[in-house]
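All remarks here apply to the structure that follows.
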Amino acid sequence: MEKYHIKPNAKVRLSDYDPNALGDFEGEKRECKKKFKQLCVQLGSLQKKLYAEHKHKILIVFQALDTGGKDGTIRAVFKKVNPQGVKVANFKVPTPIELDHDYLWRVHTKVPGKGEMVIFNRSHYEDVLVVRVHKLVPHEVWSKRYRHINEFEQILTEEGTTILKFFLHIDLEEQKKRFLERLEDPQKNWKFNPKDIEERKLWGKYKEAYEEMLCRTSTDWAPWFVVPANRNWIRNLIVASIIVNTLNKLDMHFPNLIENPEPYKAALESD
Ligand code: ADP
């Protein structure tokens with residue numbers, strides 16, 4: 001999965017990343033889907049241990065262009081986890097109260113506690129993306145945020161959080177196709193917002209903002225992955241593989257809190 005990983009401080013040009021890339025999976029769609037199903041089951045088992053062990057905290061961040069597939073990835077990859085231990089946090093346009101605080105205030109309240117997995121659908125990265133592109137705050141304000149974010153994420157990891165960040169990379173052709181689908185399919189129509197057409201025109205500016213974000217905030221403690229996302233099945237497989245691989249390394253175990261169950265068994269059997 002290293003080919004999707006952005007090395008700290010690496011200069012990123014998104015044009016070097018093909019959103020149609022199949023990686024090592026050339027022409028093996030059926031095989032990929034089978035592998036993906038197995039990964040979802042593994043993720044379910046790992047999350048069960050995460051919850052039971054009550055030790056690690058997992059934060060998974062998704063960023064993408066409009067129609068980039070954040071919702072679809074979350075729905076597909078996490079379908080086998082227990083909703084009890086998993087939360088999704090969506091970050092929309094900040095409310096007036098949120099705007100009265102620093103931009104990390106609303107984010108910190110949503111980070112995972114012990115045993116939890118939290119998925120960010122958009123995140124604090126909006127504060128160096130949409131905020132930068134639309135000049136919602138001056139340059140000297142947003143430009144300091146890369147440092148804040150790295151330090152914030154470092155605090156989280158030093159306090160036991162594992163962070164993975166995914167940029168779902170689609171191209172403008174694919175976005176057009178997906179917008180047209182939203183306009184034509186009554187079940188998808190609600191997702192279309194006329195403002196999306198204006199945002200689409202700003203892709204050049206977003207591209208610059210994403211490239212700087214990827215370069216400056218992919219750290220040893222909170223890495224970014226650029227996932228080719230024009231094809232859902234390959235996108236899902238890559239995201240699930242990276243998450244399962246990372247969770248496997250945590251070497252989690254079901255706790256064994258009762259050293260000697262015999263007295264309890266005897267008590268139950270005699271009642
Ligand atoms: P989504 O596109 O994620 O499905 P919405 O259509 O409700 O959900 O879009 C959420 C909007 O909120 C996006 O346009 C996003 O850029 C915006 N947003 C998120 N965080 C911020 C922020 N900190 N400042 C300004 N806008 C933000």
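Whatever order the structure lists ligands and atoms in, that order sets their numbers, starting from 1.
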Return the residue, atom name and 0.1 Å-rounded distance of the protein heavy atom closest to atom 26 (N) of ligand 1.
V130 CG1, 3.5 Å
Spacing of CG belonging to N236 relative to SG belonging to C40, to within rounding of 0.5 Å
7.5 Å
For R106, the atoms of ligand 1 under 4.0 Å from one of its heavy atoms are 20 (N), 21 (C), 22 (C), 23 (N)
Proximal ligand 1 atoms for V131, defined as those under 4.0 Å from one of its heavy atoms:
24 (N)
I'd like to check atom 8 (O) of ligand 1 in this structure: does the protein have a heavy atom lying under 4.0 Å from it?
yes
Quick test: of every protein heavy atom, which one is nearest to atom 12 (O) of ligand 1, and how far off is it to 0.1 Å?
V93 N, 3.1 Å
What are the atoms of ligand 1, with element, lying closer than 4.0 Å to any heavy atom of D127?
23 (N)
Out of E98, R122, E126, indicate the one that has the non-hydrogen atom closest to atom 3 (O) of ligand 1.
R122
For F166 and F62, take the angle between the two ring planes, folded into 0 to 90°, and tell me which bin it lands in: parallel under 30, tilted 30 to 60, perpendicular over 60.
parallel
Can you tell whether the side chains of K49 and E53 come within less than 4.0 Å, N to carboxylate O?
no
Is the shortest distance from a Lys or Arg side-chain nitrogen in D71 or K191 to a carboxylate oxygen in the other one below 4.0 Å?
yes
If we set the cut-off at 4.0 Å for heavy atoms, which region of K70 has an atom near ligand 1: side chain, backbone, both, or neither?
side chain
Quick one: look up the protein heavy atom nearest atom 24 (N) of ligand 1 and list residue, atom name and how far away it is.
P94 CD, 3.3 Å
Should K207 and E211 count as an ion pair when the cut-off is N to O under 4.0 Å?
yes
closest protein heavy atom to atom 5 (P) of ligand 1 is K92 NZ, 3.8 Å
With a cut-off of 4.0 Å, which atoms of ligand 1 are near a heavy atom of F91?
19 (C), 20 (N)
Angle class for the H139/W142 ring planes (parallel below 30°, perpendicular above 60°, tilted otherwise)?
perpendicular
Aromatic ring pairing H5/F225, orientation class (parallel under 30°, perpendicular over 60°, tilted between)
tilted
Test: E116 and K57 ion pair at under 4.0 Å
no
